[in-house]
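Residue numbers begin at 1 in each chain, while the letters A, B, ... track the order of the sequences.
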Amino acid sequence: MLPQDYTAAGNQTHGSAAWLFVERRIREVFERFDFREIRTPMFEPTEMIARGVGETSDIVTKEMFAWTKGDTNYVLRPELTAPIMRAYLQHRLDQQGPVQRLSYLGPCFRAERPARGRFRQFHQFGAEIIGSADPRADAEVVAVLMAIYGAFGIENLRLRINTLGTPEERTAYKAALRTFLTPRQEALSDISRERLDKNPLRILDTKLEYEQALLENAPILTDFLGQETRAFFDRVCSYVHDLGIPFVTDPKLVRGLDYYAHTTFELESDALNGALAGAGRYDLLAKDFGNPNPVPAVGFAAGMERLFVVLSDAGYVFPEVSAPDVFLVAIGNEAENWAFRKAQSLRKNDIRVAFDLKGRSMKAQMREADRSRAPLVVIVGDQELVSESVNLKNMAEGTQETIPELDLMHRIKRFSSK
RNA sequence: GAGGGUGUAGCUCAGCAGGUUAGAGCGCAAGAUUGUGGCUCUUGAGGCCGUGGGUUCGAACCCCAUCAUCCUCCCCA
């Protein structure tokens, strides 16, 4: 048994074929929607992440794995939108075409308490459309997210959409909300009272019934939105509607990250408390990074582990791991050496080969062959070596024939191509 | 960060009110079948009973702490 400090809390080790299968399927959908995968570093300067995600956000204030090396502070990336925007600006991706459609899939890190569907190292997949202020871009992001869940046959989900408007509109609303809530702050929870000053929008998110009741008469964000914002949001909604994707609009949907403006949306499931995916438009992030011009952008981020929760709740059956084409069973030292070399030559011809590495009995090798689920087994002993023949066994049918060794490659290929 | 549940074999779990060598099923291994898998039967390997301390003649069991894990809250993917 290993010492208990050999593992860190909230992490998992993945060895399963299911993980690869899910990744592959996600990437297929991204390709279908013309997204190109981008990979950014696992750790980033704290400065960039803090600016991008927001100095006051929960993520930055209390959930980062951080360290210092030399004069620079680093963090393990807590999310990927900010790093991708950084990469876009730094590598001048706009020069490769006016609209960049980027996807990603990889680990992120947050120092939170682990829970169902939540880990300290977790994995996000997502997509960003950078360079388009067209409401169809927002709808495209919704579409690709829903298509991924659709690709797994998952449909019982709730999609909520809202607009946060422009910073000016939001500021005006924040002030109004604060004015409304301040005289009533005695009735608020401790957490909400703290937010009253810092970020009153987040109070809207409350799940406490008495707070929700209190908010019934509160000013509503929609009333503070200008003509343009409303028109834009209406177009986003109608595009999503055109795609046949069910959703509800929810003026109380706010998101924890500072960079959102205009469209925000969130995907939820009954299987889980937290969100499956969160998303939105973040036209101002580029300016936050010090870029002279704003860069319109919209994207989503979804949790792999949460997808797995939903899949396993739905009783999803993952395909079996891939089996070798053939298993080589060898009897005796000579035959073992033959099999060892034969495996290599078959593999050079794109045949997937497995064989025993323990010098075990033939019976044990057969059991191993069965377990490997190889459809064909080649059995070779001294007799076959002398006659330069091999026994080729069809495991499903239990039939076996002796063939010249020279025909082996051809026979395996012919069988596998059927 | 707050509250609660659970930690016994690779996995799923038993273990009566503290009592001697800690069990089952599945899985794994060997044999029955000396060159043939699955099915069956037999046998076997594998446990610091999460960790540390305490109470006791005696602790898997009781107490404390700690770690891990799960759930609720918080927040988010």
S.K.: Taking atom NZ of A:K287 as the centre, report whether more than 12 heavy atoms of other residues, nucleotides or ligands fall under 6.0 Å from it.
M.R.: no
S.K.: Thinking salt bridges, do A:K358 and A:D356 make one under a 4.0 Å N-O criterion?
M.R.: no
S.K.: Report yes if a donor N or O on one partner sits less than 3.5 Å from an acceptor N or O on the other, where the partners are the side chain of A:E268 and the base of B:A77; otherwise report no.
M.R.: no
S.K.: Quick one: side-chain hydrogen bond (donor to acceptor under 3.5 Å, both in side chains) partners of A:R25, sequence neighbours excluded?
M.R.: A:Y316
S.K.: Is it possible for you to check whether A:R184 lies under 6.0 Å from the centre of the six-membered ring of A:F180, through NZ or CZ, and within 45° of that ring's axis?
M.R.: yes
S.K.: Output the rounded distance in Å from CE (A:M366) to C1' (B:G35).
M.R.: 10 Å
S.K.: May I ask you to verify whether the side chain of A:Q365 and the base of B:G37 hold a donor-acceptor pair under 3.5 Å?
M.R.: no
S.K.: Side chains of A:Q121 and A:R110: do they bring a donor and an acceptor to under 3.5 Å?
M.R.: no
S.K.: Tell me yes or no: between the side chains of A:N391 and A:T402, is some donor less than 3.5 Å from an acceptor?
M.R.: yes
S.K.: Under 4.0 Å between a side-chain nitrogen and a carboxylate oxygen: does that hold for A:R77 and A:E44?
M.R.: no
S.K.: Wobble G-U and Watson-Crick pairs count when both distances are under 3.5 Å; given that, what is the 5' to 3' dot-bracket string of RNA chain B, with | for pairing to other strands?
M.R.: (((((((..((((.....[...)))).(((((.......))))).....(((((..]....))))))))))))....
S.K.: Could you list, one pair per line, each protein nitrogen or oxygen that sits under 3.5 Å from a nitrogen or oxygen of nucleotides 69-71 of chain B, together with the distance?
M.R.:
unit_1	atom_1	unit_2	atom_2	d
B:U69	OP1	A:G10	N	3.0
B:C71	OP2	A:R116	N	2.5

S.K.: Taking atom C1' in both B:G58 and B:C11, compute the distance separating them and give it to the nearest angstrom.
M.R.: 33 Å
S.K.: Between A:F43 and A:Y74, does the ring centre distance come in under 6.0 Å?
M.R.: yes
S.K.: Consider the side chain of A:D58, meaning its heavy atoms from C-beta on, and name the nucleotide among B:U36, B:C75, B:A77 that approaches it most closely.
M.R.: B:C75
S.K.: Report the distance from atom CE of A:M362 to atom P of B:U36, rounded to the nearest whole Å.
M.R.: 6 Å
S.K.: Measure the distance from CD on A:E112 to P on B:C76 and round it to the nearest whole Å.
M.R.: 9 Å
S.K.: Measuring only the C1' atom in each nucleotide, how far is B:U40 from B:C57? A whole number of Å is fine.
M.R.: 50 Å
S.K.: Roughly how many Å is it from CD1 in A:I26 to P in B:A77, rounded to a whole number?
M.R.: 16 Å
S.K.: Which sits closer to the 5' end of RNA chain B, A:G381 or A:A302, going by the nucleotide each is nearest to?
M.R.: A:G381
S.K.: Can you check side-chain contact (heavy atoms from CB on, under 4.5 Å) on A:V329 and A:V378, steps first, answer last?
M.R.: CA-CA 6 Å; A:V329 170; A:V378 170; over 6 Å; no
S.K.: Is a donor from one side chain sitting under 3.5 angstrom from an acceptor on the other, for A:T399 and A:N394?
M.R.: no
S.K.: Please step through side chain to side chain donor-acceptor pair (under 3.5 Å) for the pair A:E334 and A:W338, ending with a clear verdict.
M.R.: CA-CA 6 Å; A:E334 287 294 306; A:W338 175 89; over 6 Å; no
S.K.: With a non-hydrogen cut-off below 4.0 angstrom, is A:L307 in contact with a base, only sugar-phosphate, or nothing?
M.R.: nothing
S.K.: Rounded off to whole Å, could you give me the CD1-to-C1' distance for the A:I331 and B:G35 pair?
M.R.: 4 Å
S.K.: With rounding to whole Å, what would you report as the distance between B:G47 and B:G23 at their C1' atoms?
M.R.: 11 Å
S.K.: Check step by step if salt bridge (charged side-chain N to carboxylate O under 4.0 Å, His left out) holds for A:R27 and A:E37.
M.R.: CA-CA 8 Å; A:R27 290 190 164 111; A:E37 186 162 323; 2.7 Å; yes
S.K.: What is the separation between atom CD on A:E79 and atom P on B:A77, rounded to the nearest whole Å?
M.R.: 8 Å
S.K.: B:A68 and B:U8: how far apart are their C1' atoms, nearest whole angstrom?
M.R.: 15 Å
S.K.: Looking at every strand, decide which applies to A:A369 at a 4.0 Å heavy-atom threshold: base, sugar-phosphate, or nothing.
M.R.: nothing
S.K.: When you compare B:G4 with B:C13, how far apart are their P atoms, in angstrom units rounded to a whole number?
M.R.: 24 Å
S.K.: Contact list please: residues 390-409 of chain A against RNA chain B, heavy atoms, distance less than 4.0 Å, in numerical order.
M.R.: A:N391, A:K393, A:M395, A:G398, A:Q400
S.K.: Between A:H262 and A:F233 (judged by ring centroids, cut-off 6.0 Å), do the two rings come close enough to count as a pair?
M.R.: no
S.K.: Could you tell me how far B:U42 sits from B:A59 if I compare only their C1' atoms? Round to whole Å.
M.R.: 37 Å
S.K.: Rounding to a whole Å, what distance do you find between A:R120:CZ and B:A77:P?
M.R.: 18 Å
S.K.: Considering only the C1' atoms, how many Å lie between B:C63 and B:A24, rounded to the nearest integer?
M.R.: 31 Å
S.K.: Given the rule in the salt bridge (charged side-chain N to carboxylate O under 4.0 Å, His left out) test, do A:K252 and A:D250 qualify, once you have shown the distances and angles that lead to the verdict?
M.R.: CA-CA 5 Å; A:K252 286 182 183 163; A:D250 180 355; over 6 Å; no
S.K.: Less than 3.5 Å apart, any donor N or O on the side chain of A:E128 or A:Y282 sitting next to an acceptor on the other?
M.R.: yes
S.K.: Can you name the residues that form a side-chain hydrogen bond (donor to acceptor under 3.5 Å, both in side chains) with A:E401, not counting sequence neighbours?
M.R.: A:R411
S.K.: Between the protein and nucleotides 29-34 of chain B, which nitrogen or oxygen pairs are less than 3.5 angstrom apart?
M.R.:
unit_1	atom_1	unit_2	atom_2	d
B:A29	OP1	A:R360	NH2	3.0
B:A29	OP1	A:R371	NH2	2.9
B:A30	OP2	A:R367	NH2	2.2

S.K.: Sticking with atom C1', work out how far B:A60 lies from B:G15, rounded to a whole angstrom.
M.R.: 8 Å
S.K.: Can you tell me the distance, in whole Å, between the CG atom of A:D356 and the P atom of B:G35?
M.R.: 15 Å
